[in-house]
Participant: 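This structure is in structure tokens; I'll ask about it shortly.
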Amino acid sequence: MIIKMLNLKRTVCLAMLLLTVALAEAQQSKVSAAYAFFQQDQLDSAKACIDAAVKHPETSADAQAWYLRGFIYKSIYNKQERGNKLSPSRLEALTSFKKSTTLDTAQANVQECIKNVKYLATTLYNDAAASLDSIDYKIAIGNFEKFKEYYLMVDPTPANIQQKDIAFSLAIAALYTQIFETDKKGKAEFLKMAKDAYNRILAIDPNNIGANYNMGVLYYNQAVNLINQSDYDLDIVALNDIQDNSINLFKESLPFMEKAYELDPKRRETLLGLSGIYFSLNEFEKSNMYKQKLEELEKQR
Amino acid sequence: MKKLLFILLLPLVLLTQSAAVRLDQSEEAGARIKAIYIYNFTKYIEWPAEYKEGNFVIGVYGTSIPLLNELNKMAASKTVGSQKMEIKNLTSAAEAAQCHIVYILADNSSQLADVVGKIKGKSTLIVTDKAGMAKLGAGINFSVVENKQKIELNRANIEKYKLKVASTLVEMAVQVK
């Protein structure tokens, strides 16, 4: 009886071992099948096989499987989703190449993965740049954030990614300003969004001349608009309140414009800005001083 | 695996500058504040009955295109009671006698005495734009206090032209005697 039970146990163990080996081989054959389908350009079948393979515990940590998955999804992106700025396959490809590099202890395909990440991240950046308009700006932001995440694999130097971050933030802030200008009351939140974007730049680079100048202009224009939108019927008490608010805004504008001047004293726009701010603060001597500097500058040109 | 395509990062083509500062915006804003004040003067000061017919004439003695533009815009959209507003750019002190309000700009402040001489017996409010003018004959003088446009008011210089000034306006002004 005991012998019979031991035999049965041994048989079950052997069966389980054989099953495990068979399953593992089956998963490996799924990777192979995926590769074969990929070679034949049957991308849907390749995708089904490779997705099954990377979900299975036997091959979920296989760097080669993820590497292949990256290529399959990249091909789907290139052939079927190229015009789609929200292409899900592009993101799957990026995730797969990234995963492959983390699993590839032998470093067999790491460089190739990085090249592909660079290519796909670049398409994300380009789509972000092409989406900088009043309709698609959220897509632009989403794609740029993804670009940054993956581009760090290509170029981990913080200063380089910061430069790209600054350039993008300058562009998005200018876009927010344009949207705000089209409807100052209905789109008031875009003014704050523009200021937030410039503040983000200045937190990274306090000497960024564009961010300083543009921030100064935002406050200046806000102050001027406050006055110019006032009705002639306004009583003197209300007019005083408007003046108080606009003066505060002109004073907010001043340090940004002065910083821009300090960074480039021969920039025409900044001289004009300082002259305008001091004029509005009724400090005419200072206003005239910058106006004269501007005139001298224009004589030299 | 298949060949990798190479692409380049596109430049961010959008303009990265906000709308630039225009100096005339500052001048327009300053002129707007003065226009609002002047419209308030028409509400808080009462002219004699014979001045309540025809156009309500505001004369500007001096040259300021932003101010003339603002006053003309105001005249196009507002009235003084039932009177239409008319904005005149004065070229001589003598023309002040035809005005309900004459605004002497800072550059023409030296003409104040002439204007005072020409409006004897008339009901014209003299408004100026230079420190000390309210003591020299102006009824109201624009002044700057802590960056803000304010007014100085010399009640005697208003009332001697048979104009009645509301206490509300007096209280809101820096009084000069």
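Note on naming: letters A, B, ... go to the chains in the order of the sequence lines (proteins, then strands), and numbering restarts at 1 for each one. As a basis for the values below, the full set of heavy atoms in this structure was taken, side chains included, without hydrogen atoms, waters or symmetry mates.
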Participant: Give a yes or no on this: more than 12 heavy atoms of other residues, nucleotides or ligands lie within 6.0 Å of atom CD of A:Glu298.
Facilitator: yes

Participant: Taking NZ in B:Lys160 as the centre, count heavy atoms belonging to other residues, nucleotides or ligands within less than 6.0 Å. Is the count above 12?
Facilitator: yes

Participant: Does A:Gln40 have more than 12 heavy atoms from other residues, nucleotides or ligands lying within 6.0 Å of its CD?
Facilitator: yes

Participant: Given heavy-atom pairs under 4.5 angstrom as the criterion, report whether the side chain, backbone, both or neither of A:Asn225 touches chain B.
Facilitator: neither

Participant: Do you know which of B:Lys150, B:Met172, B:Gln149 has the most heavy-atom pairs under 4.5 Å to chain A?
Facilitator: B:Gln149

Participant: Identify the heavy atoms of A:Tyr232 and B:Tyr39 that sit nearest to each other, and give their distance.
Facilitator: O-CD2, 3.2 Å

Participant: Measure the spacing between CD of A:Gln243 and CD of B:Glu146 and express it to the nearest 0.5 Å.
Facilitator: 12.0 Å

Participant: To the nearest 0.5 angstrom, please state how far the CD1 atom of A:Ile227 sits from the CD atom of B:Gln25.
Facilitator: 11.0 Å

Participant: Within a radius of less than 6.0 Å around NZ of B:Lys52, do more than 12 heavy atoms belonging to other residues, nucleotides or ligands occur?
Facilitator: yes

Participant: Closer than 3.5 angstrom, by distance alone: can the side chain of A:Asn282 be matched with the main-chain N or O of B:Asn147 as a donor-acceptor pair?
Facilitator: yes

Participant: So for atom NZ, which belongs to A:Lys195, do other residues, nucleotides or ligands contribute more than 12 heavy atoms lying within a distance under 6.0 Å?
Facilitator: yes

Participant: Using only atom types and a distance under 3.5 Å, with no angle test, would you say the side chain of A:Asp235 pairs donor to acceptor with the backbone of B:Asn40?
Facilitator: no

Participant: Could you tell me which residues satisfy side-chain contact (heavy atoms from CB on, under 4.5 Å) with B:Ser64, sequence neighbours excluded, listed by chain and number?
Facilitator: B:Pro66, B:Leu67, B:Leu105

Participant: Relative to chain B, which segment of A:Ile247 carries a heavy atom at a distance below 4.5 Å: side chain, backbone, both, or neither?
Facilitator: side chain

Participant: Between A:Leu281 and chain B, with a heavy-atom cut-off of 4.5 Å, which part of the residue counts as in contact: side chain, backbone, both or neither?
Facilitator: both

Participant: Working to the nearest 0.5 Å, report the span between CG of B:Leu169 and CD1 of A:Ile236.
Facilitator: 5.0 Å

Participant: Show the nearest heavy-atom pair for residues A:Asn228 and B:Ala29, with the distance to one decimal.
Facilitator: OD1-CA, 3.3 Å

Participant: Check the surroundings of atom CD1 in B:Ile65: do more than 12 heavy atoms from other residues, nucleotides or ligands lie under 6.0 Å from it?
Facilitator: no

Participant: Identify which of A:Leu234, A:Leu239, A:Val224, A:Ile242 forms the greatest number of heavy-atom pairs closer than 4.5 Å to chain B.
Facilitator: A:Leu239

Participant: Got a sec: does the NZ of B:Lys84 have more than 12 other heavy atoms crowding it under 6.0 Å?
Facilitator: no

Participant: Answer with side chain, backbone, both or neither: which region of B:Lys78 has an atom nearer than 4.5 Å to a non-hydrogen atom of chain A?
Facilitator: side chain

Participant: May I ask you to decide if B:Ser26's main-chain N or O and A:Tyr220's side chain share a donor-acceptor pair within less than 3.5 Å?
Facilitator: yes

Participant: Determine the minimum heavy-atom distance between A:Asp233 and B:Lys43, stating which atoms define it.
Facilitator: O-NZ, 3.1 Å

Participant: Sort B:Ser77 into side chain, backbone, both or neither according to what part of it lies under 4.5 angstrom from a heavy atom of chain A.
Facilitator: side chain

Participant: Is it true that atom NZ of A:Lys85 has more than 12 heavy atoms of other residues, nucleotides or ligands lying nearer than 6.0 Å?
Facilitator: yes

